[in-house]
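First comes the structure, then the notes that go with it.
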Amino acid sequence: MPEIAVNSARFLEDLHRLRSFGAHGTGVVRPAFSQPDIASRQWLAIRMADAGLNPVFDPVGNLFGLPADDSACLLLGSHTDSQPEGGWLDGAFGVIAALEAARASIEAGGPPIAVVSFQDEEGRFGALTGSRVWSGALDLAEADRLTDTQGTSFADARAAMADLCARDFVRADRFLGYVEAHIEQGPVLDLSEDVIGVVEHIVGIRGLRVCFAGQQNHAGTTPMAMRKDAFQGLVAFAERINETLASIVTPATVWTIGHVELKPNAASIVPGLADFSVQWRDADEVRLDRMEEIIRQTAASVAEEYDLKCTHSDYLSVPPTAISGPLRQQLETSAEALAPQRWRRMPSGALHDANNVARLMPVAMLFVPSIGGVSHDFSEDTKEEDLLLGAQVLAQAVASGA
């Protein structure tokens with residue numbers, strides 16, 4: 001087994017250089033297809049070429065760094081776009097760790113490694129757009145009709161990169177599997193003082209958009225007993241759903257009311273409409289189904305009690321993703337060698353590009369700690385030594401499978 005040693009200074013220099021694109025205080029503002037995003041991808045393509053890889057932009061802006069040899073190899077990577085107010089490591093760590101693993105493997109005479117930065121993982125046009133299209137989970141024509149919150153279409157946005165992009169997609173059958181390194185984005189590793197997490201499974205996610213429709217009316221003259229207050233229905237639903245789900249969930253199950261819009265949203269008007277999202281996550285498909293039944297039933301019963309009309313529509317359904325046993329074992333072997341008894345097996349509660357890539361090939365993931373469990377925020381951070389260790393575990397795991 002070749003010993004693949006990452007170049008710490010080179011890895012950190014590239015990671016901080018990527019941070020400079022769209023830098024905003026301690027974080028980044030680098031949404032998909034923005035000027036900082038495109039500039040960062042052009043820079044990354046140059047770094048791939050410097051490493052001896054062939055950079056290829058596919059039709060939706062996914063950037064692959066392909067070994068000169070066309071033989072089958074592992075694909076490593078993540079994404080480099082950010083949330084509208086994002087942290088500097090979300091996705092970026094996995095891409096630069098992958099690039100460094102590929103360079104280090106070339107230098108050590110190890111196996112060829114391909115690198116990818118998927119486009120729009122963060123969901124300007126919907127969750128994981130670039131990997132959804134590449135994996136076949138979303139048709140390109142359908143993706144082109146998606147719009148962001150400002151009404152810009154995916155087709156118009158990707159046109160800004162048209163001069164960089166190839167006409168064809170990179171073939172998936174040239175890859176043996178996909179490994180994605182990522183910051184945890186949660187508190188488990190930070191609280192436990194473990195330094196590496198090897199992902200056992202990626203949870204499934206379901207989402208509903210719910211609308212309670214009541215009667216908009218004057219806030220000063222409408223008696224409380226005569227109101228059809230859509231917001232009061234939402235409040236009752238939020239309280240009741242915690243009670244009704246308690247008997248079937250596990251400590252790892254989560255659910256969230258995340259987006260709320262009241263209409264007309266005025267201080268002196270009884271709200272006539274309450275639109276809101278409900279999202280829930282678990283690794284068990286049966287439990288996800290049962291939670292959906294309870295959520296729908298609870299919304300219906302609250303609407304009846306408060307004399308409201310209730311409508312709802314699905315907006316998200318991602319099944320739990322299985323992790324490859326052999327790839328996971330390679331990560332575990334590397335973690336134990338480099339961080340003995342300071343790593344753990346754990347689930348991923350967040351979506352990642354690995355969810356989509358799993359449609360095409362075996363996948364695995366590793367995590368490094370997030371300080372304070374904070375992510376999707378400018379204050380997101382990870383200790384430098386933990387970033388370096390994660391990159392080394394990734395590189396050596398690849399070597400162990402050679």
Side-chain angles (χ1 to χ4, degrees), residues 74-79 81 83 89-91 93-95 97-98 116-118 120-123 126-138 172 175 177-189 194 196-207 249-256 258 279-289 291-292 315-332 335 343-370 373 375-376 390 393-394 397:
L74 282 176
L75 176 66
L76 312 183
S78 189
H79 65 95
D81 64 303
Q83 288 281 335
L89 293 168
D90 181 359
F93 163 68
V95 172
V116 64
S117 172
F118 287 111
D120 194 28
E121 192 272 356
E122 294 292 7
L128 319 176
T129 314
S131 61
R132 284 171 69 200
V133 175
W134 183 69
S135 68
L138 177 65
F175 304 122
Y178 173 69
V179 184
E180 182 168 358
H182 210 280
I183 58 170
E184 181 198 342
Q185 302 183 279
V188 175
L189 292 174
D194 288 326
I196 295 291
V198 178
V199 174
E200 295 182 290
H201 53 254
I202 306 174
V203 300
I205 304 178
R206 303 279 183 86
V249 298
T250 74
T253 311
V254 295
W255 59 96
T256 306
Q279 186 186 106
W280 59 103
R281 307 186 185 208
D282 194 272
D284 187 307
E285 192 88 50
V286 174
R287 186 175 291 112
L288 289 170
D289 289 340
M291 291 177 72
E292 182 166 352
Y315 80 90
L316 183 63
S317 180
V318 179
T321 299
I323 294 296
S324 161
L327 288 177
R328 190 183 81 180
Q329 184 58 57
Q330 289 172 222
L331 291 174
E332 291 179 357
W343 64 276
R344 64 166 55 209
R345 300 182 184 97
M346 61 187 300
S348 172
L351 279 178
H352 297 284
D353 290 306
N355 289 81
N356 289 319
V357 180
R359 293 167 51 91
L360 305 174
M361 66 191 73
V363 302
M365 291 193 69
L366 73 83
F367 287 157
V368 295
S370 294
S375 184
H376 287 185
V393 169
L394 177 67

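Just so we're clear, the structure is a prediction, and the values are computed from it rather than from any experiment.
Residues I202 and A354 come closest through the heavy atom pair CD1-CB, 3.9 Å. Here the shortest heavy-atom pairing between I323 and A364 reads CG2-CA, 4.0 Å. T253 and R287 make their closest contact through OG1-CD, 3.9 Å (heavy atoms, listed as atom of the first residue, atom of the second, distance). Nearest heavy atom pair, residue G177 against residue L327, reads CA-CD1, 4.3 Å. Nearest heavy-atom pair across I205 and L351 is CD1-CG, 3.1 Å.
With rounding to the nearest 0.5 angstrom, the CZ atom of F175 is 10.0 Å from the CG atom of L74. Distance CG/L89 to CD/E184: 13.5 Å, rounded to 0.5 Å. Within the model, atoms CG of L189 and CD1 of I183 stand 11.0 Å from one another, a figure rounded to the nearest 0.5 Å. If you take CG on L394 and CG on L331, they are separated by 7.0 Å, rounding to the nearest 0.5 Å. A distance of 10.0 Å separates CZ of R328 from NE2 of H201, quoted to the nearest 0.5 Å. To the nearest 0.5 angstrom, M291 atom CE is 11.0 Å from D284 atom CG.
Remark: W134 pairs with F64, F118 by the ring-ring contact (aromatic ring centres under 6.0 Å, His included) rule, at least two apart or across chains. R281 meets the side-chain hydrogen bond (donor to acceptor under 3.5 Å, both in side chains) test with Q279; sequence neighbours excluded.
Remark: the S78 side chain and the E180 side chain contain an N/O donor-acceptor pair separated by less than 3.5 Å. There is no side-chain donor-acceptor pair under 3.5 Å between D90 and Q83.
Counting heavy atoms from C-beta outward, P320 and V203 have side chains that stay 4.5 Å or more apart. Within the 4.5 Å cutoff, the side chain of V198 has no heavy atoms near those of the R344 side chain. With contacts defined as side-chain heavy-atom distances shorter than 4.5 Å, the pair V249/D282 does not qualify. Contact of the Q185 side chain with the H352 side chain is registered, since non-hydrogen atoms from C-beta on lie closer than 4.5 Å. Contact annotation: the side chain of V393 approaches that of L366 to within less than 4.5 Å [non-hydrogen atoms, C-beta and beyond]. With a 4.5 Å cut-off on side-chain heavy atoms, S324 and V179 do not count as touching.
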### Message
Test side chain to side chain contact (heavy atoms under 4.5 Å, CB included) on L128 and V318; report intermediate values, then the result.
### Response
CA-CA 11 Å; L128 319 176; V318 179; over 6 Å; no
### Query
After noting the C-alpha distance and the side-chain angles of M361 and V357, does the key distance pass the side chain to side chain contact (heavy atoms under 4.5 Å, CB included) rule?
CA-CA 6 Å; M361 66 191 73; V357 180; 3.7 Å; yes
### Query
Can you check side chain to side chain contact (heavy atoms under 4.5 Å, CB included) on L288 and W280, steps first, answer last?
CA-CA 8 Å; L288 289 170; W280 59 103; 3.7 Å; yes
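Partner S131 forms a side-chain hydrogen bond (donor to acceptor under 3.5 Å, both in side chains) with one of N356, D120, N355 and no other, that one being N356.
Looking at Y178, its side chain never comes within 3.5 Å of a backbone N or O of L360 through a donor-acceptor pair. T250 contributes a side-chain N or O that, together with a main-chain N or O of A252, makes up a donor-acceptor pair within less than 3.5 Å.
The aromatic rings of H182 and F367 sit perpendicular to each other, their planes meeting at more than 60°, with 30° as the lower class boundary.
Among residues at least two apart or in separate chains, there is no salt bridge (Lys or Arg N to Asp or Glu O under 4.0 Å) pair with a member in residues 353-364.
Salt bridge R206/E285: present, at least one basic N to carboxylate O contact under 4.0 Å.
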